[in-house]
Amino acid sequence: AKLYKDATALEPETSEVWWELGGFYYEHKDWPRAYDALSKAWTYDRYGPAGEPCGLLDQARHKAIGVLPPSCPRGSRPASTP
């Protein structure tokens, strides 16, 4: 986690760095931090992987705050990790 955080400090506006950090937190079931990092990835690149409907960002949002967006049908399979 420290290396990912260091990378975000060096490249704070690079969506790929935030995406990798979010994926790390997601794999470790730290849903609030995963959601935060993946949201930042989306902020810096809305057309990248974080913008995928019902993707990892949406799954992290659902696990962190219980909100499933309309783009995710109920019972959809969890997103695969990066």
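Computed from a predicted structure; not experimentally measured.
By the 4.5 Å heavy-atom criterion applied to side chains, L56 and L38 are counted as neighbours. A 4.5 Å side-chain heavy-atom check between Y4 and T8 finds every atom pair outside the cut-off. The closest side-chain heavy-atom distance from Y35 to L57 is below 4.5 Å. Between T14 and Y44, the closest side-chain pair of non-hydrogen atoms is not below 4.5 Å.
Remark: side-chain polar atoms of W18 are paired, donor with acceptor, to backbone N or O of P12 under 3.5 angstrom.
Residue V17 is not grouped with residue W19 when hydrophobic side chains (ILVMFWY) are merged at heavy-atom distances under 4.5 angstrom, including chains of intermediate members.
Note: D45 CG to E16 CD = 6.5 Å, rounded to the nearest 0.5 Å.
The two residues A41 and S15 have their closest heavy-atom pair at O-CB, 3.3 Å. Taking every heavy atom of both residues into account, G22 and A34 meet most closely at O-CB, 3.6 Å.
Under 4.0 Å is where a charged nitrogen must lie from a carboxylate oxygen, and between D36 and R33 no such pair does.
Using the six-membered ring where Trp is involved, Y26 and W31 have ring planes that are perpendicular, over 60° apart on the 30 and 60° scheme.
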